[in-house]
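Below you will find the structure I want to go over with you.
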Amino acid sequence: LMGQEGMQCKTGRWNFDKDKAGTSPSGFVTRLGTWGIRHDSTPPSQPNVYAQTSTKEIEDYFPSSLIAKSICKDFIAEVKIKPISGKLDQSGGFLFRGKDNNNYYVLRIAALRGSMAVYKMVQGKRSMIVWAKAEIKSNTWQTLRILVKENKIEGYVSGQQILTLYDETFLEGGSIGLWTKSDAVTHFDDLTI
C-alpha cells in the first residue's frame, strides 16, 4: 500500500465532517487496524472524527491509514489528536516517508508515557531515534505538528516545540498518513498538510 504510486504530496485540509459515520474518508487507504468515521461531540470541528478503534493487545501492532497515492518529502503537517483508551498504549501520530510496509518514519505522542518520540522502521525492525518528555493527556485534544525538511524533523504539541532531530535513513519522498500502536483507540481531526 505504500510506495511510488503517487506523483506528488497531496496538500489540503481534512475535517471529516462531510463523511458518513462508519465509512472511510475518500482518499485514505487503511494499511492496518480498524479505521472509520465516528461522531464525536468534543473536537474543535464537529461532528465527525477519523478514529482507529482496534483494541488488539499486541506490542508490535501498528495500525495506520495513509493518504492514497500521496508521496511527500519536505512538508509541514498538523492534526488534532485525542488518545481515548488502551492498556498497552494510548498513542497516535504521523507515519511519513514510507517506502513500503517495512520502511518508514513515525512521529508519535503517547499519553501513558507522557512523551513524544520519533521511530524508524527499517526492513521491518523498529528502533527509536529520539524520545522527549511531553505533557500528553488521555481524553484531551492536542495539536500535533511536524515539520520535515531534508534530514531535519521537528515535533510540536499544542504550539510548543518538543524535539528536533536529524536523520538520513529516508531522504526521499514517501507515503504519509496517520498511525497508532497496539490497543490505542485514538481520534483524529482537522488534518492539514
Side-chain angles (χ1 to χ4, degrees), residues 1-56 58 61-86 89-110 118-119 121 141-148 155 170 172-193:
L1 296 176
M2 290 190 264
Q4 299 299 320
E5 301 95 13
M7 296 295 120
Q8 63 183 6
C9 188
K10 292 185 182 178
T11 60
R13 182 171 184 264
W14 295 265
N15 66 15
F16 311 113
D17 293 330
K18 293 184 180 178
D19 296 291
K20 184 178 177 184
T23 67
S24 291
S26 176
F28 284 75
V29 177
T30 295
R31 188 182 73 82
L32 195 62
T34 305
W35 294 80
I37 300 297
R38 296 182 91 180
H39 292 298
D40 186 329
S41 62
T42 66
S45 72
Q46 296 178 15
N48 293 340
V49 297
Y50 193 31
Q52 195 300 121
T53 57
S54 173
T55 57
K56 289 187 179 183
I58 302 170
Y61 180 68
F62 308 111
S64 58
S65 180
L66 307 177
I67 300 173
K69 298 183 180 178
S70 186
I71 301 299
C72 295
K73 180 183 176 185
D74 296 340
F75 63 91
I76 296 171
E78 187 173 284
V79 70
K80 304 284 191 306
I81 182 171
K82 182 170 77 166
I84 302 292
S85 63
D89 219 306
Q90 293 182 20
S91 63
F94 289 107
L95 181 155
F96 60 101
R97 286 191 179 169
K99 303 300 174 203
D100 54 43
N101 292 341
N102 294 307
N103 296 279
Y104 54 85
Y105 285 117
V106 167
L107 170 76
R108 68 95 174 116
I109 56 174
V118 175
Y119 291 86
M121 182 77 79
W141 286 101
Q142 286 115 147
T143 301
L144 178 61
R145 182 180 176 92
I146 183 173
L147 180 149
V148 179
F170 304 117
E172 297 180 1
S175 299
I176 185 169
L178 302 172
W179 176 98
T180 68
K181 180 176 181 284
S182 302
D183 60 343
V185 173
T186 308
H187 287 187
F188 298 89
D189 200 15
D190 297 337
L191 170 63
T192 304
I193 298 174

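When a residue number appears, it is its place in the shown sequence, counting from 1.
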>> Working to the nearest 0.5 angstrom, can you tell me the gap between L32 CG and L95 CG?
In response: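 CG of L95 is found 11.0 Å from CG of L32.
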
> Are the side chain of K99 and the backbone N or O of F170 linked by a donor-acceptor pair below 3.5 Å?
Replying inline: no

>> Set out, in order, the CA-CA distance, both residues' side-chain angles and the distance that settles side-chain contact (heavy atoms from CB on, under 4.5 Å) for R13 and D190, then state yes or no.
In response: CA-CA 7 Å; R13 182 171 184 264; D190 297 337; 3.0 Å; yes

> Between CG of L66 and CG of L178, what distance do you get to the nearest 0.5 Å?
Replying inline: 8.5 Å

>> Could you check whether any side-chain N or O of D17 sits under 3.5 Å from a backbone N or O of N48, counting only pairs where one atom can act as donor and the other as acceptor?
In response: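 Judged by distance alone, yes, a pair lies under 3.5 Å.
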
> Does I193 reach the side chain of C9, with side-chain heavy atoms less than 4.5 Å apart?
Replying inline: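 They are in side-chain contact.
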
> Is there a side-chain contact between Y119 and F62, using heavy atoms and a 4.5 Å cut-off?
Replying inline: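 A side-chain contact is absent here, since even the closest heavy-atom pair is not under 4.5 Å.
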
> Is a side-chain donor or acceptor of Y61 paired with a backbone partner of K56 at a separation under 3.5 angstrom?
Replying inline: no

> Do W141 and V49 come within less than 4.5 Å of each other through their side chains, counting heavy atoms only?
Replying inline: yes

> How many angstroms lie between OH in Y50 and OG1 in T23, if you round to the nearest 0.5 Å?
Replying inline: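 Y50 OH to T23 OG1: 9.0 Å, rounded to 0.5 Å.
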
> How far does NZ of K80 sit from OG1 of T192, to the nearest 0.5 angstrom?
Replying inline: 7.0 Å

>> Determine whether a donor-acceptor pair (N or O, by modelled atom type, separation under 3.5 Å) exists between the side chain of D183 and the backbone of D89.
In response: yes

> Is there side-chain contact between T186 and Q90, with at least one heavy-atom pair below 4.5 Å?
Replying inline: no

> Got T53 and R38 here, is their nearest side-chain heavy-atom distance under 4.5 Å?
Replying inline: yes

>> Using every non-hydrogen atom in the two residues, find where S26 and D19 come nearest and quote the distance to one decimal.
In response: N-OD1, 4.0 Å

>> Is there a side-chain contact (heavy atoms from CB on, under 4.5 Å) between K73 and R97? Walk through the geometry before answering.
In response: CA-CA 6 Å; K73 180 183 176 185; R97 286 191 179 169; 3.8 Å; yes

>> Can you tell me how far apart OG (S182) and CD1 (I58) are? Round to the nearest 0.5 Å.
In response: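 One finds 8.0 Å between OG of S182 and CD1 of I58.
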
> Distance-only, no hydrogens or angles: does the K10 side chain make a donor-acceptor pair with backbone N or O of A68 under 3.5 Å?
Replying inline: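 Side chain of K10 to backbone of A68: a pair is present.
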
> Within the side chain of T180, is there an N or O that forms a donor-acceptor pair under 3.5 Å with the backbone of S91?
Replying inline: no

>> Taking the side chain as everything from C-beta on, heavy atoms only, tell me whether I67 gets closer than 4.5 Å to L191.
In response: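 Yes; the side chains approach each other to less than 4.5 Å.
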
>> Quick check on ring-ring contact (aromatic ring centres under 6.0 Å, His included): which of W179, W14, W35 does F188 satisfy it with?
In response: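 Going through the options one by one, the only one that passes is W35.
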
> In Å, rounded to the nearest 0.5 Å, how long is the span from OG1 of T143 to CD of E78?
Replying inline: 5.5 Å

>> Pair H187, I84 - check side-chain contact (heavy atoms from CB on, under 4.5 Å), show working.
In response: CA-CA 7 Å; H187 287 187; I84 302 292; 3.9 Å; yes

> Any side-chain heavy-atom pair from Q52 and T34 closer than 4.5 angstrom?
Replying inline: yes

>> Any heavy-atom pair between the side chains of L144 and L107 that's under 4.5 Å?
In response: yes

> Any idea which heavy atoms bring F96 and F75 closest together, and the distance?
Replying inline: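 For F96 versus F75, the nearest heavy atoms are CB-CZ, 3.7 Å.
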
